J.: 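Just dropping this structure here.
Everything numeric in this text was worked out from a predicted model, so none of it was measured. So you know, we letter chains A, B, ... as the sequences are listed, proteins then strands, and number each from 1.
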2 protein chains.
Amino acid sequence: MLNERSLAAHQDCKDCPIRHKAVCARCESDELERLEEIKYYRRFEAGQTVVWSGDRMDFVGSVVSGIATLTQTMEDGRTQMVGLLLPSDFVGRPGRSTAAYDVVATTDLVMCCFRKSPFEDMMGRTPHIAQRLLEMTLDELDAAREWMLVLGRKTAREKIASLISIIARRDASLHMRTSDGPLAFDLPLTREAMADYLGLTLETVSRQISALKKDGVIHLEGKRHVTIPDMDRLMEEAGDDADGGMLV
Amino acid sequence: MLNERSLAAHQDCKDCPIRHKAVCARCESDELERLEEIKYYRRFEAGQTVVWSGDRMDFVGSVVSGIATLTQTMEDGRTQMVGLLLPSDFVGRPGRSTAAYDVVATTDLVMCCFRKSPFEDMMGRTPHIAQRLLEMTLDELDAAREWMLVLGRKTAREKIASLISIIARRDASLHMRTSDGPLAFDLPLTREAMADYLGLTLETVSRQISALKKDGVIHLEGKRHVTIPDMDRLMEEAGDDADGGMLV
DNA sequence: AATGTACATTGACGCAGATCAACACAAGGC
DNA sequence: GCCTTGTGTTGATCTGCGTCAATGTACATT
């Protein structure tokens, strides 16, 4: 998933996160050429499924624009979102042939893909790429574990505050906002999707958002547009120690 | 974390998971020598903390014997376990200098360690090691995400059944049990530690274990020794589609 | 035997969040 | 205009699990 580090690294190449300075400044140029050769783009509409859990997945890639979600579903229909993919986030599992989760586009989505086997070949010859991928995967692991704390131990109100503060921070770094001043952005998820991320029902999500609004922690314009007058206050509501946690 | 794959790979070298066939059959022998040079062992007693979250961590390594936990704690003391380390599991973050979680030995523990910077150097020269580490990290990521479903969407009873079935399966593969027949093993965690893993209170854990026992899903001898008469039944209780899920 | 400590079980009670249900509002399509 | 569909809000009620508290069990220490 996205974090300040991978994002910063991504600045110099909007369309292909693998090929950014952090990796490629150290790579030989013919390796870069080869990456370029096996690269292609895929476009999805909002609501479309990118891959189904268990299906063969013969590419790896990253999000160029739009938002996708990773979800798991039990037989009886209970679902849990296990990841949120924003621009520059990586998808795919070198060394695996099938997808472990449903990947769904929640907005229109553009992905930059590489066919898996040539990509793996390249990884074998280019240690920096494998190392870079390892770092990105460790970031995702941190994010997933951070989220385990949210799911296991936080109250509904704290969960909502956590989610909003994560989205706010991602959005801020995406637009290179330099700290301070009120943040404003659109929630990229429906109430139901938030509920699936937070392990709540959509009614509880709605109620808690209303409560945070009433208490002045956030302002709402319409149903989606949020402004945050005081980020520290929000993080306090989220139960985070100021500017410490939340790697996502 | 442990799974069938990393475990199988581990069979041929009990003391050092990095140096098993899956990686090293393809490595040059002088690289192996160098790994050997920077390797050392550390021993911890039950209850000792291996590293504190935020502390400098200048090694990576893996569990040789015993059990350790990864936990996160909020300021007010709420804690969530985010990982369970069993023999052959890897700890550490190439490319990071500080620990992200508390690592605590819950039993006497032996770890096989490598100083971080020489290990990283080696990774840079030996693509297979980076790739192997990437695969292991992807396994952990799957496990963490699988656990997000448990934390976010399962009932207390299902959570307990999930935990017991995971421990049962790990134990079975550790002893190379070939399917079928009742499984028997000791729970390696206190009720409190289970509660921290499952996002429950220890009272609820105790109650649900009693309930599963009363309903014949498990048998209990003393407080820790469990036998499972019917694994399929247990997995049904866990809400897993038979032999599908649960990668941990 | 007496005492302490760590771990586990069980009961009584209350509340946060789920569930069920009604309603609001905007955007299309006809 | 009217109807439908997707999305969000709010209320009333129910319940699973947390909280508080008492009790039990096994072992170690003196």
J.: Can you tell me how far C1' of dG18(D) sits from CD of Gln208(B), to the nearest Å?
T.: 13 Å
J.: Measure the CG-NZ distance between Leu149(B) and Lys159(B) for me, rounded to the nearest 0.5 Å.
T.: 10.5 Å
J.: Using heavy atoms to find the nearest nucleotide of DNA chain D for Arg157(B) and Thr204(A) separately, return the residue whose nucleotide is more 5′.
T.: Thr204(A)
J.: Calculate, to the nearest 0.5 Å, the distance between atoms CG and CD1 belonging to Leu84(B) and Ile167(B) respectively.
T.: 6.5 Å
J.: Between protein and nucleic acid, restricted to nucleotides 20-23 of chain D and to nitrogen or oxygen atoms under 3.5 Å apart, what atom pairs and distances do you find?
T.:
from    : atom 1 : to        : atom 2 : distance (Å)
dC20(D) : N4     : Glu203(B) : OE2    : 3.2

J.: Figure out the CD1/P separation between Ile209(B) and dC7(C), and round it to whole Å.
T.: 15 Å
J.: Taking Thr49(A) for its side chain and Val104(A) for its backbone only, find out whether a donor-acceptor pair lies under 3.5 Å.
T.: no
J.: Atom CD1 of Ile209(B) and atom CG of Leu202(B): how far apart are they, to the nearest 0.5 Å?
T.: 10.5 Å
J.: Measure from CD on Glu192(B) to P on dA6(C) and round the result to the nearest Å.
T.: 12 Å
J.: State which of dG8(D), dA18(C), dC7(C) makes the closest approach to the side chain of Arg224(B).
T.: dC7(C)
J.: What is the distance from CG of Leu212(A) to P of dT10(D), rounded to the nearest Å?
T.: 13 Å
J.: Given atom NZ of Lys159(A) and atom C1' of dG17(C), what is their separation to the nearest angstrom?
T.: 9 Å
J.: With rounding to the nearest 0.5 angstrom, report the CG to OG1 distance, Asp58(B) to Thr98(B).
T.: 11.5 Å
J.: Distance from Ile218(A) atom CD1 to Ser165(A) atom OG, nearest 0.5 Å?
T.: 12.0 Å
J.: Is Thr190(A) near enough to dT7(D) that one of its side-chain N or O atoms lies under 4.0 angstrom from OP1 or OP2?
T.: no
J.: Hey, are Thr201(A) and Thr204(A) close enough side-chain-wise for a donor-acceptor pair under 3.5 Å?
T.: yes
J.: With sugar-phosphate meaning primed atoms plus P, OP1 and OP2, does Gly47(A) contact a base, only sugar-phosphate, or nothing at under 4.0 Å between heavy atoms?
T.: nothing
J.: Would you tabulate the nitrogen or oxygen pairs shorter than 3.5 Å linking the protein to nucleotides 14-16 of chain C?
T.:
none

J.: Taking the six-membered ring of Phe185(A), is the NZ or CZ of Arg224(A) close enough (under 6.0 Å from the centre) and on axis enough (within 45°)?
T.: no
J.: Between Thr201(A) and Lys223(A), which residue's closest nucleotide on DNA chain C lies nearer the 5′ terminus?
T.: Thr201(A)
J.: Grab the CG-C1' distance between Leu200(B) and dG18(D) for me, whole Å please.
T.: 10 Å
J.: Verify the distance criterion only: is there a donor paired with an acceptor across the side chains of Thr79(A) and Asp196(A) at less than 3.5 Å?
T.: yes
J.: When the distance from CD1 of Ile160(B) to C1' of dA8(C) is rounded to whole Å, what number comes out?
T.: 13 Å
J.: Rounded to the nearest angstrom, tell me the gap between atom CG in Asp76(B) and atom C1' in dT19(D).
T.: 15 Å
J.: Distance check: side-chain N/O of Ser206(A) vs OP1/OP2 of dT9(D), anything under 4.0 Å?
T.: yes
